Amino acid sequence: MWHRRRRLAMRDHLAEASLFNRRALFSLFVIVILGAILLINLHSIQIDQYEDYQTRADGNRIKVLPSPPNRGLIYDRFGRILADNATFYSLEIVPEEVADMDQLLSRVAELIPIEESRLDDFREQVKHQWRKFEAVVLKSQLSEEEASIIAVNQHKLKGAYIEARLKRYYPYGELTTHAVGYVAKINRKDADNLELEGKTARYEGTFDIGKQGLEKYYEDLLHGEVGYQKVEVNNRGRIIRTLSEQAPEPGQDLVLSLDIEMQQVAKDALGENRGAVVVLDTKDNSVLALYSNPSYDPNLFVHGISSKNYKKLLNDTDRPLINRVTQGRYPPASTIKPIMGLLGLHDQMVTTKTRIWDPGYYQIRDIAHKYRDWKKWGHGWVDIYRSIEESCDVYFYDLAVRLGMDRIHEFMSQFGFGQHTGIDIYEESTAILPSREWKYGRYRQPWYAGDTVSIGIGQGYWTVTPLQLAFATSIVANQGLVYEPKMLNATRTKTGELPVPAVDRKPVEGVSEHNWQVIKTAMHGVVDKITGSGHKAFQGAEYESAGKTGTAQVIRIAQNEEYDAEKIAEKYRDNALYVGFAPVDNPRIAVAVVIENVGGGGKNAAPVARIMMDYYFANYPDNPLEAYKNVSNE
Amino acid sequence: MSAMNDEKSLLRKIHIDAQLLLALVSLMVVGLFIIYSASGQNMDLIVRQAIRLGLAIFVMMAVAQIPPSFLAHRAAVFFTLACLLLVAVLLFGAVGKGAQRWLDIGFMRIQPSELMKLALPIMLAAYISKRPLPPSIKHTGIALFLVVMPTLLIAKQPDLGTSLLIAMSGIFVLFLAGLSWRLIAGFVLLVSALAPLVWYFYMHDYQKRRVLTFLNPESDPLGSGYHIIQSKIAIGSGGFWGKGWLAGTQSQLEFLPERHTDFIFAVFAEEFGWAGVIVLLALYLWVIARGMVIAAQAPDMFTKLLAGSITLTFFVYVFVNMGMVSGILPVVGVPLPLVSYGGTSMVTLLAGFGILMAISTHKRFLRDA
């Protein structure tokens, strides 16, 4: 047909038009097919895969932001804030967003003063950054003025941000450090621990965590529960609106048994001396005062302590970082004599009638070595009362040897020596209550009788913490009842205050009332008798107290040498110790004081204990005290 | 009845095709609403677009006054002029976005490739319609040469999308003129054989990337695949009824790129759903169907071929844009005609519809003459 047309070379308009129409129809057909393909494909996207794409659209626009909870506050027993949350401005840098770090740092340094050492620390921290895109603090605690200077120049400082954050603030500074502890930035180790305990989600958006003291011990109570904010963001991550919100649940407030004023009294009483003071309420062993001198400012750690300051603390020969109350390990010296005497009475090694001749030294049969009494010429005839009142050494050398180390270890364990007291901070040492097994394990040597002699006066291998001393003294005051020392009195939430019950342990059983009274009377004599080693310190006190002094040798003194404080370098001078409780009848508080390298306990430690007790009875006049005062005035 | 006829004849006198005008304006109005939504309720854009549409409609009505025979007679002149301008662009053109597309002639910038969009089908329709149909091998060859020449010039700018669409408009003329199926088959084979050569020697990196991204958008979700992924998320999350006008999250929160221009269809699909898509597609089909009817009723072969080519090319625009936005075609910079914001292309497009209207309204006059 086409050939014919070409041959004719004459145009057949009708045929051409029909050819065109066929092609046009075909085109229309293809258009409909293609349109159908479009529609079918769109159907598949919009209807069949709707849920998938809907989810992805929401994934684009909805972000879940954690809202960290406010950390619970910490109050002392009278409601004074010991750990507060305050707003601080800090200059933070996200290293990944910075093009030229050196340039940025020099620009910042032109605007606000920054120490050179701080810059070095900062560079170090950037190197050890562990979360990508996490801000590193360049300068903390900016003044309002500095913050506004940075804010104004923000456009020149890409990657640098001013952040206003709620941070811990410890208004009493070093007064509370060893008790309350502090929080600091979550580091990699903390993060790993959180991960291990499955708490990572709870800490989203949280920057700080308890590192020491109560802040660490009660981290779970203080932290609270993280909240979430569901927000709609645009493609640049800017928040357009909040879709839903789950408010964070703030942490619980802690109300402590501590009395911050009493802390101050303890600090003042210690003055420049290195030492520890702890005061327990014998009712339940709640802690009224717990102070270790010297201390340091916990606020330094909250904002990231500079390496310079940290080194200074670390290298300080007075060792301020050590919590002497719970980690200081001291020979208990004569302070354990009352309990040793109690054991003698209980085991009927001695009675109140037993008298011993003290010539000024003690010798184990057949051995030449002389164990000397602190009183060179001896106390003469001493019974249990005098041996405690005047702190006769020979009496207890003899008693200890007769009791034997095994029995001593067993009995002293019941008073908490060599164990954690259970106080609510983790920085606690068990110190050492030696035993046959302990010595063999430690030195591969058998226990010698001579070792036991020193134990009789709280020397030798035996070490205790000041808290253990107060704890044991409280057990004596309570005649065997044992409560774990705690600083936490109550927790507080929006709904109210919840008291924390005392935790009691297996009491010391089987000791007769008579024996308890003998020992208490002897301890009262320490203070009350004119010959008592604590008499001078407690002269004129308006309450009846009981106690025991202790003077611990720090160095071994040769057989024929005499201890002369003046001639000995300070660090080799004796440690002064004192334990006591009051009132003698119905005791209310137990006190332990240890002061390093100052000399005799009666002269140096007892006055500090006196100050603590005076303060207590002057400021806690309620209940039995009134009755006591009335009686004593008659 | 008579009133309606009067009205019709009145429109006819000013060379307006009522159906076509109604369909086009409907699409334009839809476009304005979507631009308003996609631009974040930017009234400035709407005003500018409305002015541009008004201008384009004016151009369309002006072109509609030109008798088709005038175009047939001046076809060669238009075509030669357009070709020369394309050469000029390559020599003196302004550079924008890595391509030379504009000629700066002092008071305005012109884009000769736009002229060619009309000049080529006019030229081919004029050339082919003078010869008996179907076209012989020789005329087919000459016609193909006329197609390839501007195509290469535009591809060189480089503007691959436009060059292919212009080539299409020429090929549609040949196809409608009855180009033999055997030649078509051979042509398809030739193109597929040449494709690898074009890939290696002729395509720019960004063009290659577009094609690769089309084949697997998820391979680079933040880079070149981002557009198409976000676009599909927008369309898919629209569902059957859509999220509602101004309520598309992908568009309002700016996850979707090129929202009011090339990807405006995704905004539409997100806010009006599959139901809206059917309506929109129906509007386009109405335009196309009307164009084909005009072609079928055209008085001579020149106008038939020209009207057919313009209509089919229009469909290709719609199909390529929707196909790319919904992920069945590679991303080429083709706006959705009449709906997308902006463009010189709008004027060209409506000038094309002006020609259709001229063809639809001048034939009676021609017959009478």
Side-chain angles (χ1 to χ4, degrees), chain A residues 1-2 5-13 15-63 232-241, chain B residues 129 131-134 136 172 175-180 229-230 232-240 242-243 248-250 252-257 269-270 273-275 277-278 281-282 284-285 288-289 292-293 295-296 298 300-301 304-305 307-308 311-312 315-316 318-319 322-323 326-328:
Chain A
M1 193 173 108
W2 293 359
R5 200 181 294 132
R6 200 177 290 160
R7 236 182 287 127
L8 286 173
M10 232 201 83
R11 299 195 69 174
D12 180 346
H13 287 286
E16 285 184 5
S18 113
L19 175 61
F20 174 85
N21 285 346
R22 281 203 306 277
R23 287 294 168 99
L25 261 177
F26 178 82
S27 305
L28 215 52
F29 175 68
V30 171
I31 285 170
V32 169
I33 297 280
L34 290 178
I37 288 173
L38 270 182
L39 268 186
I40 289 164
N41 177 50
L42 285 165
H43 184 275
S44 139
I45 295 175
Q46 296 193 280
I47 314 292
D48 302 342
Q49 302 171 63
Y50 168 72
E51 304 237 318
D52 178 33
Y53 283 114
Q54 177 60 48
T55 309
R56 291 176 73 179
D58 283 345
N60 268 346
R61 77 187 173 100
I62 297 171
K63 295 278 173 283
E232 188 173 77
V233 296
N234 67 9
N235 74 327
R236 288 178 296 280
R238 231 190 72 200
I239 296 170
I240 305 298
R241 64 194 167 112
Chain B
S129 64
R131 278 93 193 160
L133 298 189
S136 65
F172 286 143
F175 174 77
L176 291 170
L179 186 67
S180 86
I229 290 173
Q230 294 304 333
K232 284 176 85 169
I233 291 174
I235 296 169
S237 62
F240 186 85
K243 296 176 188 171
T249 59
Q250 284 288 101
Q252 303 302 323
L253 299 171
E254 304 173 24
F255 291 103
L256 189 66
E270 183 184 24
W274 197 64
V277 167
I278 292 174
L281 218 57
Y284 278 114
L285 280 179
I288 289 156
M292 291 313 276
V293 166
D300 55 33
M301 196 44 73
K304 275 184 194 292
L305 291 176
T311 307
L312 291 183
F315 170 74
V316 169
V318 175
F319 181 76
M322 288 187 180
S326 57
I328 55 173

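Order of the sequence lines sets the chain letters (A, B, ...), proteins ahead of strands, with each chain counted from 1. Fair warning: this is a prediction, and the values are worked out from it, not measured in the lab.
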The interface call for A:Ile47 against chain B, heavy-atom contacts under 4.5 Å, is side chain
Under 4.5 Å to a heavy atom of chain B? For A:Leu39 that would be both
Turns out that what part of B:Ala269 lies under 4.5 Å from chain A's heavy atoms comes down to both
A:Ala17 and B:Lys304 have their tightest heavy-atom pair at CB-CE, 4.2 Å
Checked B:Thr249, B:Leu256, B:Val316 vs chain A; the most non-hydrogen pairs under 4.5 Å come from B:Thr249
Whatever's closer than 4.5 Å to a heavy atom in chain A on B:Ile235 counts as both
If you tally heavy-atom pairs under 4.5 Å between each of A:Ile45, A:Asn21, A:Asn60 and chain B, the highest tally belongs to A:Asn60
For this session: Report yes if some heavy atom in the side chain of A:Arg23 is under 4.5 Å from a heavy atom in the side chain of B:Phe175; otherwise report no.
Result: yes
Minimal heavy-atom distance between B:Gly178 and A:Leu19, with the atoms involved, is CA-CD2, 3.7 Å
Here the gap from A:Asn41 atom CG to B:Ile328 atom CD1, rounded to the nearest 0.5 Å, amounts to 5.0 Å
- How about A:Asn234 and B:Gln252: does a side-chain donor come under 3.5 Å of a side-chain acceptor? no
A:Phe20 side chain near B:Leu133 side chain, heavy-atom distance below 4.5 Å: no
Per-residue tally against chain B (heavy atom, under 4.5 Å) across A:Leu42, A:Asp52, A:Val30, A:Asp58 peaks at A:Leu42
Cut-off 4.5 Å, heavy atoms of chain A, and the answer for B:Leu281 is side chain
Check: B:Pro132 and A:Glu16 side chains under 4.5 Å, non-hydrogen atoms | yes
Bottom line for B:Ala296: the part with an atom under 4.5 Å from chain A's heavy atoms is both
Under 4.5 Å to a heavy atom of chain A? For B:Phe315 that would be side chain
Whatever's closer than 4.5 Å to a heavy atom in chain A on B:Met322 counts as both
Kindly indicate whether a cation-pi arrangement holds for A:Arg61 with B:Phe255, taking the cut-offs as under 6.0 Å to the six-membered ring centre and within 45° of the axis. no
Q) Going by heavy atoms in the side chains, are B:Gln250 and A:Arg56 under 4.5 Å from each other? A) no
Cut-off 4.5 Å, heavy atoms of chain A, and the answer for B:Glu254 is both
Residues pairing under ring pair (Phe, Tyr, Trp, His ring centres under 6.0 Å) where one sits in residues 28-51 of chain A, two or more places apart or in two chains, turn out to be A:His43-B:Trp274
Look at the side chain of A:Arg22 and the backbone N and O of B:Leu176, then say whether any donor-acceptor pair between them is shorter than 3.5 Å.
-> no
Between the OG atom in B:Ser326 and the CD atom in A:Gln46, the distance rounded to the nearest 0.5 Å is 9.0 Å
Bottom line for A:Glu232: the part with an atom under 4.5 Å from chain B's heavy atoms is side chain
Applying a strict 4.5 Å limit to non-hydrogen atoms, the region of B:Leu285 in contact with chain A is side chain
